[in-house]
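Contents: one structure, followed by commentary.
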Amino acid sequence: MDFIEVNSEIGQLEGVVLHTPGVEIERMTPENIHEALYSDLLNLNIARKEYSNFEGVLSKWTKTYQVVDLLTEVLENKTVKADLLDKILTKEERQFLFVELSEQPANVLANFLIEGYPYIEGVHPKEFAKGRYMLNPLYNLFFTRDASSSVYDQVLIHSMSTDVRDRESYIMEAIFKNIFGATTINPKLSEGSHTEGGDVLIAREDVLFIGNGSRTNKQGIEFLTKYFASRKNIQHIIVQELPTSPESFIHLDMVFTMLSQNKCMAYAPIILNSHSGYHTTHIEIDNGQIHYHERENFLEATKHLGFDFEPVLCGGSDNWYQQREQWHSGANFFALGEGKVLGYARNTHTIEALNNAGFDVLRAEDVCSGKEDMHAHDRFVVTFEAAELPRGGGGARCMTMPIKRKKVQW
């Protein structure tokens, strides 16, 4: 089994954890949609077709792991199974389900924990009948980045900002501890701390970029700063304040992602604007001592640390299109390697900007069919068609949890 090693956003990808959208997303209703953190219902059949091209590209490039398979393997161990169930049922106040769930085979229980555990008339208390599920489906699980993220040789188990997603963190923690033997970092141990994977970007061996918004709060950033201050290799953290609304700004990777050593995807009004009203803070760690410096904007802050990014603009140069395409994750790209990225085809002005910056545009369908060979291109963007997936509120980076990358020679 692979070990955890992710020292950058752009090193060649050698392993990634995914979750193909399943029936759980079809179990949303208009009544519970906001609790599920969605703004619209998704069509599962279309979402799966879109995801198949996304997953197909990744499978052509690297080793992929599915959460349900990893979880099933975890649940084969009776001791680990009991511990995980106890955590979940205690948190969700369903301890009375422990015995009946413990008796389920590992593969069946794995699906129940992801897709939801249905109410059974005559078996479960009547007060739960209206909700249909004794354990709610994990509607957001296909965004595998959110609940956990690899940070160097460890895994950050995120303290989610909403209780509806806590089970995802418990599942990911069990997987990474018991399948990968990883050391985990858990901000939840610090009261009031919240972090999510979309807000944590590994810029370099000594630098982290972190977003501060509706999902990752100041207490969470303080926890991470103190934790990494004890690790000699971490010397700098750049924190970018984000709008708390609309929901398209939930994470830093919705306004900024790294494409290569010298190119980044940026939503200009936040990342380049010195008068946006959203603060950029450079946290410097010097022999355990923490110092704070205010910077003009995010891109200016990166220059202080030796990055010389040429920004490719989400939506291109027109503010109208910038807003439209950022809304559908136009800045949210995932790097397969340096200058080799994956993102939504629908954001046409963003893709055009990438093409103008020297990225060959490849269609996911052509890559999956073998018509296009990604390895034949020095710099490329693979685009995959998606109408349903973006409505879930995330893009290619959100749907990937890398566990291993080759080191970058800076």
Side-chain angles (χ1 to χ4, degrees), residues 33-40 140 143 145-146 149 158-162 164-165 192-201 203 208-222 224-225 237-258 264-283 292 294-302 309 311-333 343-344 346-347 349-350 353 390-398:
I33 193 171
H34 294 297
E35 180 187 349
L37 308 179
Y38 281 74
S39 57
D40 199 0
N140 298 277
F143 296 124
R145 176 79 60 162
D146 291 353
S149 55
H158 292 287
S159 176
M160 311 299 281
S161 61
T162 51
V164 73
R165 302 196 66 184
S193 294
H194 294 296
T195 63
E196 293 194 6
D199 277 319
V200 180
L201 280 67
L208 290 174
F209 298 156
I210 299 181
N212 171 210
S214 60
R215 301 294 184 89
T216 297
N217 63 10
K218 290 181 179 179
Q219 294 97 313
I221 295 170
E222 183 179 357
L224 293 179
T225 300
I237 298 173
I238 296 179
V239 177
Q240 177 60 50
E241 185 181 11
L242 302 169
T244 55
S245 65
E247 60 267 26
S248 64
F249 292 109
I250 56 173
H251 295 136
L252 177 59
D253 65 10
M254 296 296 277
V255 295
F256 175 91
T257 43
M258 288 179 65
C264 65
M265 175 58 62
Y267 177 63
I270 300 295
I271 299 301
L272 278 69
N273 188 351
S274 302
H275 306 289
S276 67
Y278 299 101
H279 298 286
T280 304
T281 305
H282 172 196
I283 302 174
Y292 297 85
E294 290 300 312
R295 299 300 184 199
E296 186 177 335
N297 60 41
F298 189 83
L299 211 62
E300 187 264 346
T302 68
F309 287 128
V312 179
L313 301 185
C314 169
S317 58
D318 188 302
N319 179 258
W320 183 274
Y321 293 119
Q322 288 174 359
Q323 293 179 62
R324 281 184 57 82
E325 298 199 359
Q326 189 280 329
W327 177 263
H328 279 135
S329 306
N332 193 272
F333 284 85
Y344 288 139
R346 67 178 297 152
N347 296 310
H349 294 85
T350 303
R391 291 163 64 197
R397 188 177 187 274
C398 302

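Counting begins at 1 with the first residue of the sequence. What you see below is based on every heavy atom in this structure, not just the backbone, and it leaves out hydrogens, waters and symmetry mates.
Checked by atom type and distance alone, the side chain of Asn217 pairs as donor or acceptor with a backbone atom of Gly192 at under 3.5 Å. One N or O on the side chain of Thr216 and one on the backbone of Glu196 form a donor-acceptor pair closer than 3.5 Å. Judged by distance alone, the side chain of Thr225 and the main-chain N or O of Ile221 form a donor-acceptor pair under 3.5 Å. Judged by distance alone, with hydrogens and angles left aside, the side-chain atoms of His194 form a donor-acceptor pair with the main-chain N or O of Met160 at under 3.5 Å. For Asp199 (side chain) and Ile210 (main-chain N/O), no donor-acceptor pair under 3.5 Å exists by modelled atom type. No donor-acceptor pair under 3.5 Å is formed between the side chain of Thr280 and the backbone N or O of Arg295.
Ala396 and Gly343 get closest at one heavy-atom pair: CB-CA, 4.3 Å. Annotation for Gly393 and Ile250: closest pair O-CD1, 4.0 Å, computed over non-hydrogen atoms. Looking at every heavy atom in both residues, Gly395 comes nearest to Ser329 through N-OG, 3.5 Å. A pairwise comparison of heavy atoms in Glu241 and Gly277 identifies OE1-O, 4.0 Å as the closest pair. Closest approach of Ala331 to Thr257, counting heavy atoms only: O-OG1, 2.6 Å. Summarising the geometry of Phe309 relative to Cys264, their closest heavy-atom pair is CB-SG, 3.8 Å, with the distance given to 0.1 Å.
Taking 4.5 Å as the limit, some side-chain heavy atom of Leu224 sits within range of a side-chain heavy atom of Thr195. In this structure the side chain of Pro311 reaches within 4.5 angstrom of the side chain of Leu299, judged on heavy atoms. Contact check for Pro269 versus Asn319: side-chain heavy atoms found under the 4.5 Å cut-off. No side-chain heavy atom of Asn212 sits under 4.5 Å from any side-chain heavy atom of Thr281. By the 4.5 Å heavy-atom criterion applied to side chains, Asn297 and Asn273 are not counted as neighbours. With contacts defined as side-chain heavy-atom distances shorter than 4.5 Å, the pair Ser274/Glu300 does not qualify.
With respect to Asp146, the side-chain hydrogen bond (donor to acceptor under 3.5 Å, both in side chains) criterion is satisfied by exactly one of His158, Arg165, Arg215: Arg165. Just one residue in the list Gln322, Glu325, Gln326, His328 forms a side-chain hydrogen bond (donor to acceptor under 3.5 Å, both in side chains) with Thr350, and that residue is Glu325.
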Practice problem: For the pair Arg397 and Leu201, evaluate side-chain contact (heavy atoms from CB on, under 4.5 Å) and give the outcome as yes or no after the intermediate values. | Solution: CA-CA 10 Å; Arg397 188 177 187 274; Leu201 280 67; 3.7 Å; yes
Quiz item: Does the side-chain contact (heavy atoms from CB on, under 4.5 Å) test come out yes or no for Asp253 and Cys398, once each step is laid out?
Solution: CA-CA 8 Å; Asp253 65 10; Cys398 302; 4.2 Å; yes
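Annotation: Phe209 is in aromatic contact with Phe298 [ring centroid separation under 6.0 Å].
Using cut-offs of 30° and 60° on the angle between ring planes, the pair Phe249 and Tyr267 is tilted.
Note that NE2 of His279 is 12.5 Å distant from CG of Leu242, once rounded to the nearest 0.5 Å. With values rounded to the nearest 0.5 angstrom, Leu313 atom CG is found 13.0 Å from His349 atom NE2. To the nearest 0.5 Å, the span separating CD1 on Ile271 from OH on Tyr278 amounts to 12.5 Å.
No more than 12 heavy-atom neighbours from other residues, nucleotides or ligands sit within 6.0 angstrom of CZ on Arg324.
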